[in-house]
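Below is one structure, written out as structure tokens; comments come after it.
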Amino acid sequence: MTTTIKDVAARAGLSVMTVSRVLNGERHVSAQAREKVQAAIEALGYRRNVFARGLPGARSFLICMPAPELISDYLAEVQQGAVERCRAAGYHLVVQPYDEGDEVTDAPVTSALAALRPDGFLLAPPMSDNLAALDALERARTPYARLAPSVEPARGACVAIDEMEAARAMTAALLDLGHRRIGFVGGPAGHGASAWRLAGYRRALAERGVANDPELEAGGDFMFESGEAAGEALLRLAEPPSAIFAGNDDMALGVMAAAQRLGLSAPGNLSVAGFDGGEIAELAWPQLTTVRQPVRAMGAAAAAAIIDMVETGELTARSQQLDFTLLMRGSTAAL
């Protein structure tokens with residue numbers, strides 16, 4: 001039997017009108033009433049009638065997150081944080097896959113606007129730097145929040161860490177361990193995080209008076225295979241690095257795989273560090289030294305900003321910068 005709004009009202013001990021106000025996100029409802037309705041919804045497994053979205057002025061209670069078909073650990077963490085925050089507020093997160101060729105067009109946004117009519121959009125890298133998508137959302141007067149944007153960062157509600165400082169701090173930590181030839185594996189060209197992390201790496205070297213050697217900088221695409229290829233290239237140099245800092249954890253694990261294939265061990269022959277601090281960094285052996293950015297909290301904060309804009313009718317919200325943490329683990333050691 002289908003659960004109705006009347007069932008929710010009976011379970012919560014409230015009127016149908018009050019439950020309807022809670023479901024529609026109206027502000028003139030007590031916190032106690034909202035808690036009772038949310039508890040009743042969870043107990044009964046109530047789901048809103050999706051066909052009601054077509055009514056004039058009706059909300060969909062959907063937040064859309066465009067994402068490439070192959071979701072990285074980073075995006076999976078963002079998604080989890082956003083899902084938890086949406087669920088607590090009575091919203092649903094919808095992940096809308098797109099082809100990587102659409103990363104510079106507004107297609108991922110305009111198609112979702114037409115098909116889903118979401119109340120707002122969560123834009124993670126690299127979609128957060130898609131100006132065509134931002135233009136489309138602003139024309140549609142649809143709230144959005146951006147994670148770690150590098151292009152026009154003052155535009156929209158943004159949630160990020162200081163990525164340049166985080167990369168500088170990790171490179172400095174490797175220098176503190178006595179390493180001087182430190183390789184760097186960057187992400188894709190044009191990706192904001194790639195540029196920031198490379199800049200932080202270079203800044204740390206300059207601050208310590210260590211010459212920047214271009215042959216120690218290798219390109220990647222934030223995927224394991226590219227880290228493996230870049231790691232092998234760096235380790236086959238006539239004077240290989242004693243440490244390699246990869247622009248994310250996936251590539252760092254690729255570097256470790258390349259080292260093992262060449263008969264080297266971490267940290268015995270090579271110190272390896274990554275960036276992101278996801279679960280894979282902890283499950284690796286040895287555990288991966290990394291920069292932990294609070295990715296799940298960032299996803300939750302972005303979702304909260306969107307929901308706040310939807311419920312207040314505002315199209316802008318305060319941007320936030322969260323803290324990062326250096327996790328020095330078994331993959332690095334003193335030279």
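Keep in mind that the numbers below use all heavy atoms, side chains included, and drop hydrogens, waters and symmetry copies. One-based numbering along the sequence shown.
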Salt-bridge criterion met for Asp176 and Arg208 (N-O under 4.0 Å):
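Salt bridge: yes.
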Report the distance from atom [atom1] of [X] to atom [atom2] of [Y], rounding to the nearest 0.5 Å.
X	Y	atom1	atom2	result
Asp221	Glu225	CG	CD	8.0 Å
Gln80	Arg85	CD	CZ	14.5 Å
Asn269	Ser242	CG	OG	11.0 Å
Gln287	Glu282	CD	CD	5.5 Å
Leu270	Leu235	CG	CG	5.5 Å
Leu198	Met164	CG	CE	9.5 Å

Residue pair Thr332, Thr289: steps toward the side chain to side chain donor-acceptor pair (under 3.5 Å) verdict
CA-CA 6 Å; Thr332 53; Thr289 288; 2.7 Å; yes
Find out whether [X] and [Y] are in side-chain contact, i.e. whether some heavy atom of one side chain is under 4.5 Å from a heavy atom of the other.
X	Y	answer
Met328	Met170	yes
Leu147	Cys158	no
Ile161	Pro294	yes
Met251	Asn248	yes
Leu177	Leu335	no
Tyr98	Met127	yes
Pro125	Tyr74	yes
Glu228	Arg261	yes

Heavy atoms only: give me the nearest [X]-[Y] pair and the separation to one decimal.
X	Y	answer
Phe275	Ala167	CE1-N, 4.0 Å
Pro286	Ala266	CG-O, 3.3 Å
Phe222	Ala193	CZ-CB, 4.4 Å
Ala305	Ala157	CB-CB, 4.4 Å
Ala230	Gly219	CB-O, 3.9 Å
Leu234	Gly183	CD1-CA, 4.4 Å

Is there a donor-acceptor pair closer than 3.5 Å between any side-chain N or O of [X] and the backbone N or O of [Y]?
X	Y	result
Asp119	Ile63	no
Ser60	Arg117	yes
Ser331	Ser271	no
Arg329	Leu288	yes
Asp308	Ala304	no
Asp129	Val151	yes
Thr171	Ala204	no
His179	Ala333	yes
Ser319	Val159	no
Gln96	Met65	no

Is there a path from [X] to [Y] through hydrophobic residues (I, L, V, M, F, W, Y) whose side chains come within less than 4.5 Å of each other?
X	Y	answer
Phe224	Val295	yes
Leu113	Ile307	no
Ile280	Leu326	yes
Val95	Val78	yes
Leu122	Val109	no

Would you find more than 12 non-hydrogen atoms of other residues, nucleotides or ligands less than 6.0 Å from [X] atom [atom1]?
X	atom1	answer
Arg155	CZ	yes
Gln260	CD	no
Glu279	CD	no
Gln32	CD	no

Out of Arg202, Arg181, Arg197, which one pairs with Glu217 under the salt bridge (charged side-chain N to carboxylate O under 4.0 Å, His left out) rule?
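For Glu217, the salt bridge (charged side-chain N to carboxylate O under 4.0 Å, His left out) check succeeds only for Arg202.
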Ring-face cation of Arg292 near Phe324 (centre distance under 6.0 Å, axis angle within 45°):
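Not satisfied by the 6.0 Å and 45° rule.
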Tyr144 and Glu138: side-chain donor and acceptor closer than 3.5 Å?
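Indeed, the side chains of Tyr144 and Glu138 share at least one donor-acceptor pair under 3.5 Å.
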Less than 3.5 Å apart, any donor N or O on the side chain of Asp276 or Gln293 sitting next to an acceptor on the other?
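Yes, because at least one side-chain N or O of Asp276 sits under 3.5 Å from a partner of the opposite role on Gln293.
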Under the side chain to side chain contact (heavy atoms under 4.5 Å, CB included) rule, what do Leu134 and Leu123 come out as? Steps first, then yes or no, please.
CA-CA 9 Å; Leu134 301 189; Leu123 305 178; 3.5 Å; yes
Stepwise side chain to side chain contact (heavy atoms under 4.5 Å, CB included) check, Glu232 with Arg236:
CA-CA 6 Å; Glu232 180 167 351; Arg236 289 190 181 279; 2.9 Å; yes
Residues forming a ring-ring contact (aromatic ring centres under 6.0 Å, His included) with Tyr201, sequence neighbours excluded
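By the ring-ring contact (aromatic ring centres under 6.0 Å, His included) rule, Tyr201 matches Phe184.
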Are Arg168 and Glu165 close enough, and set up right, to give a salt bridge (charged side-chain N to carboxylate O under 4.0 Å, His left out), and what steps lead you there?
CA-CA 5 Å; Arg168 188 209 65 78; Glu165 173 57 22; 2.9 Å; yes
Does Thr325 form a side chain to side chain contact (heavy atoms under 4.5 Å, CB included) with Val291? I'd like the steps, not just the answer.
CA-CA 6 Å; Thr325 306; Val291 175; over 6 Å; no
Please assess Asp249 against Asp73 for the test side chain to side chain contact (heavy atoms under 4.5 Å, CB included), listing each intermediate value before the final yes or no.
CA-CA 9 Å; Asp249 292 342; Asp73 287 330; over 6 Å; no
